[in-house]
Amino acid sequence: METKSPARPWGALIGAFVLVALIAVWAAQGVLAGTGVPIGRAATIAVGMTLQAIPFLLLGVFVAELIEAFVSPSLIARVFPTNPVASVFAALVAAFLLPVCDCSAVPIFRSLLRKGVPLSAATTLMLASPAINPLVIASTYYAFGSWSLVVARIGLSIVVALTVGLSMLVSAPRALREDHDLHDDNTCGCEGGCAVPDRSFSGVLGATGQSFGRILPYLLGGVAASTLAQVFWPVSSLLAGMPAAGALALMMGAGFALSLCSSSDAVIARSLASLAPTGALMGFMVYGPMMDVKNVALLASQFRGTFVARLFVTVTSVAALVIGCAWWAGVLA
C-alpha cells in the first residue's frame, strides 16, 4: 500500500511568521508612534485578538479530529434523531452543553457534517453553541449583573439559531466542498476511498496540526479585517443620537467586524451600555457570536461559497428581524 507523504504545514508556518511580525511591530510601537499612523494600536489589537482566538480554534480543531477518529456514524445516529425537525432540537440541547467559542464551532460543524449529521441540525449547533453555553451565560451576568438581560440574550439566540437551522430544510444547499466524495460509496469523505482513521494520540495530534495549519491563514485574514475596522471605525462616536433602527444595524455591524470571542463580548457591550439602547446591545451580543469576519473566513476555507453566502444572508436577516421585533414589542425595554 502506498503511503502518502504528510502535507507540509505551510499554513502554520505562514501564520507563525505573521504572528512574530505582529509581536515585533507591537514591541516597536514606541518608535513607530511618531509616524502618525496608529500602527502600534493596530498591532496591539491584532496580537490580542490572535492570541485570544488561537486557543479556541485549536480546541475546536482537536475536538473535530476526535469526532473524526472515534465517533462512528451509528453513534451520531443515536444522538441525533432521524426526524430532521427533532434533530434540530437535539442539536440545540448539545449546543447548550458544549462550551466552545465561535472559532471552535466551525471545525466541529464540518466534522459533524462529514459524519452524516443533517445540515439543519449541524447549522443549529454551530450557531447556538457560542451563544448559549454556560461560559457565555456566566460572562454576560458578570458584565451586566442582570438575569433578565441574560435570559433575553439566550432566548433571542435560541430563536435565531432554530429559525436558521430549520430554514436549511428548505432547498437544502450543498455545504461541504467535497460533497461529491461523500455520496460515492465513500462515507468518510476521503479521496480515493475510505481509510481507517489513526486513533492513536500521535495520529490525532498530527491530524489536528494539519487541519489547524490549513485554516490558520484564513483566521489571520479575518483578524486583519477586524483590526482595520476597530482602528478606523469609532463605534462609540457614531452611536450618539442615532435612531433605533440605525443603532441596531450599527451594533450588528460592529459585532460582525470586531469579531470578539463570545465569552468576552459582553464586557465590551457593557462599556457601550450608556450610549446604545438594550435592543442595539442585543444585536451586538446575539449576532456577533453567530456571524463575524473570522467565522466567514473560516467557513470560506472549508465550505462552498453558495452555502456561506446563504448562511450569511439568512443569519443577518433573521437576527435583525427577531431582535427588531422583540425591541419594538417592548421585550427589550
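For the numbers below, each heavy atom of this structure counts, side chains included, while hydrogens, waters and symmetry mates do not. Since this is a predicted model, take the numbers as computed values, not measurements.
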Step by step, would you call Met251 with Ile323 a side-chain contact (heavy atoms from CB on, under 4.5 Å)? CA-CA 12 Å; Met251 290 301 289; Ile323 298 168; over 6 Å; no

Verify side-chain contact (heavy atoms from CB on, under 4.5 Å) between Phe303 and Leu113, making sure each step is shown before the conclusion. CA-CA 11 Å; Phe303 298 92; Leu113 286 181; 3.8 Å; yes

Beyond-backbone contact of [X] with [Y], side-chain heavy atoms, under 4.5 angstrom:
X: Leu156; Y: Trp327; answer: no
X: Leu119; Y: Pro173; answer: yes
X: Phe256; Y: Val296; answer: yes
X: Tyr287; Y: Val315; answer: yes
X: Phe80; Y: Lys115; answer: no
X: Phe89; Y: Thr124; answer: no
X: Ile132; Y: Leu92; answer: yes
X: Phe307; Y: Leu311; answer: yes

May I ask you to decide if [Y]'s main-chain N or O and [X]'s side chain share a donor-acceptor pair within less than 3.5 Å?
X: Thr123; Y: Ser120; value: no
X: Ser111; Y: Ile108; value: no
X: Arg304; Y: Ala175; value: no

Take Ile154 and Phe96, measure what side-chain contact (heavy atoms from CB on, under 4.5 Å) needs, and give me the verdict at the end. CA-CA 10 Å; Ile154 300 305; Phe96 177 78; over 6 Å; no

Please check if [X] and [Y] belong to a single hydrophobic cluster, counting links between Ile, Leu, Val, Met, Phe, Trp and Tyr side chain heavy atoms closer than 4.5 Å.
X: Val151; Y: Leu149; value: no
X: Met252; Y: Val313; value: yes
X: Val160; Y: Leu281; value: yes
X: Val85; Y: Val88; value: yes
X: Trp147; Y: Ile158; value: yes

Excluding sequence neighbours, so at least two apart, what forms salt bridge (Lys or Arg N to Asp or Glu O under 4.0 Å) with Asp265?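 Checked Asp265 against salt bridge (Lys or Arg N to Asp or Glu O under 4.0 Å); matches are Arg153.
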
For residues [X] and [Y], report the shortest heavy-atom separation together with the two atoms involved.
X: Ser129; Y: Ala105; value: OG-CB, 3.9 Å
X: Arg310; Y: Met168; value: NH2-CA, 3.8 Å
X: Ala91; Y: Ala121; value: CB-O, 3.1 Å
X: Pro84; Y: Ser87; value: O-OG, 2.6 Å
X: Leu332; Y: Ala152; value: CD2-CB, 3.9 Å
X: Leu125; Y: Ala94; value: CD1-CB, 3.7 Å

How long is the gap from [atom1] on [X] to [atom2] on [Y], to the nearest 0.5 Å?
X: Phe312; Y: Asp292; atom1: CZ; atom2: CG; result: 11.0 Å
X: Met126; Y: Arg110; atom1: CE; atom2: CZ; result: 13.5 Å
X: Thr314; Y: Met291; atom1: OG1; atom2: CE; result: 8.5 Å
X: Ser157; Y: Met290; atom1: OG; atom2: CE; result: 4.5 Å

Would you please name every residue forming a side chain to side chain contact (heavy atoms under 4.5 Å, CB included) with Tyr142, sequence neighbours left out?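 Applying side chain to side chain contact (heavy atoms under 4.5 Å, CB included) to Tyr142 gives none.
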
